[in-house]
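Notes to accompany the following structure.
Every heavy atom of this structure was used, including side-chain atoms; hydrogens, water molecules and symmetry mates were not. Order of the sequence lines fixes the chain letters, A, B, ..., with proteins taken first and strands second; residue numbering starts at 1 for each chain. Since this is a predicted model, take the numbers as computed values, not measurements.
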Amino acid sequence: MAETREEETVSAEASGFSDLSDSEFLDLEDTQESSTSPNKPGPSSELPGKDGKLISLPKWKRGLDVSSPMERFHLKYLYVTDLSTQNWCEQQMVYGKELPGFLTPEKSAVLDTGASIHLARELEVHDLVTVPITSKEDAWAVKFLNILSMIPTLQSEGRIREFPVFGEVEGVLLVGVIDELHYTARGELELAELKTRRRPVLPPDAQKKKDCFQVSLYKYIFDAMVQGKVTTASLIHHTNLRPEKPLGPSVLRHARQGGFSVKSLGDLMELVFLSLTLSDLPVIDILKIEYIHQETATVLGTEIVAFEETEVRNKVQHYMAYWVGHREPQGVDVEEAWKCRTCNYADICEWRKSGGLPNSMLEPQAKKAK
DNA sequence: ATTGCTTAAGGG
């Protein structure tokens, strides 16, 4: 809320959809030319050299090894849900990055239903306003404007939804959106995460664990933000945002309508930092997850998550070790092989093939002809 | 710009 009224432009997502065209020119990046020496990229990474074939491949050199997954996937930051998906199955998450947009119709129908339930709840607390953007600076500016309007709303009205969070964690920038924040009757700041379910039953422990990890990450990042631990310098460093690049006219207009006189993204970032740290925002006291049935909206159960800081940090360290190229991805343990049953990548999964789990499990009817 | 770039979450 606290957005400009004007609700005819509420088309929300609208266009973002088929435009991941991304013409991917083979980026012929020859980094190894005379760059003196103090630069040591890979961790003892040697040439793959499957048969002693050394250099002499000037173009597609970037394809194999020597680059971290962050670089290979051309990522500057990760989503919180990337890490919670990674918690479910790291190998599956990797396939999801390699082969994006690979969902069965049934699965995406469930996701769509969940998304619209979330949208309906969001609309209960504020209108949506479409702000046309043309650059990533614009996109971040809108995010910042949302933060600037939501903080006072939380403090005065006690409830906000879809609050953006971001912060460097273990060397990687993590970006996410908190479903809901509100103050309880006892004055505690509570994060409420809604999970909708196709069938009217509580999820298995593995999924609860993933969801607990997700909300724990939100608290981890949010707390760092209000404690001034998330700096604009860090954000700029990870995103390559240009603080002085002129903002688009619609963004500037939106800012003015919101009562913010800013001329650049840098101004906005400073305002956000000040607002976060000087608004008397507490750290999050309670983490709550509510599971409801999609069709009937019946509450299936509520989880109160005990925040274990060191445990969260250890997990994040482990997950980030993959992202920065310190270790290979791994699939699930044998006892969680049941997850493969609903995985879109099960039949191409190298983890399954290479004995991550005995291929004797499941698929009794998969007679190996030939 | 001898090289760029991203709405996050959606559920299992």
Output the single nucleotide from [options] whose closest atom is nearest the side chain of [X].
X	options	result
A:W88	B:dG11, B:dA9, B:dG12	B:dG12
A:Q214	B:dA1, B:dA9, B:dA8	B:dA9
A:V175	B:dG10, B:dA8, B:dG12	B:dA8

field: Greater than 12 external heavy atoms within 6.0 Å of A:Q317's CD
entry: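 Yes.
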- prompt: Is the number of heavy atoms from other residues, nucleotides or ligands within 6.0 Å of CD (A:E328) greater than 12?
  reply: no
field: Close aromatic pair by centroid cut-off 6.0 Å: A:F213 and A:Y319
entry: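 Ring-ring flag for A:F213/A:Y319: true, centres closer than 6.0 Å.
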message: With a 6.0 Å cut-off on the ring centroids, do A:F163 and A:F222 count as close?
response: yes
Taking any heavy-atom pair under 4.0 Å as a contact, classify [X]: base, sugar-phosphate, or nothing.
X	result
A:F73	nothing
A:K143	sugar-phosphate
A:E106	nothing
A:I117	nothing
A:N240	sugar-phosphate

field: Closest-nucleotide ordering on DNA chain B, the 5'-leading residue of A:K136 and A:L103
entry: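 That would be A:K136.
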query: With nearest nucleotides of DNA chain B determined for A:V165 and A:T239 from heavy-atom distances, which residue corresponds to the more 5′ nucleotide?
result: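 Here A:T239 is the residue nearer the 5' end.
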Is there a side-chain contact between [X] and the phosphate of [N], meaning an N or O under 4.0 Å from OP1 or OP2?
X	N	result
A:H118	B:dA9	no
A:R197	B:dG12	yes
A:Y291	B:dG11	no

Say you pick atom [atom1] in [N] and the same atom in [M]; how far apart are they, in whole Å?
N	M	atom1	answer
B:dA1	B:dC5	P	15 Å
B:dT6	B:dG10	P	22 Å
B:dT3	B:dT7	C1'	25 Å

message: Can you tell me whether the side chain of A:Y79 and the base of B:dT6 have a donor-acceptor pair closer than 3.5 Å?
response: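 Flag set: donor-acceptor pair detected.
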message: Given the structure, check if the side chain of A:K107 and the base of B:dG12 hold any donor-acceptor pair shorter than 3.5 Å.
response: no
- prompt: Checking A:K97 against A:F73: charged group under 6.0 Å from the ring centre and within 45 degrees of the axis?
  reply: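 Ring-cation test returns no.
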- prompt: In whole angstrom, what separates A:I289's CD1 from B:dA9's C1'?
  reply: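 Taking atom C1' of B:dA9 as the reference, CD1 of A:I289 is at 14 Å.
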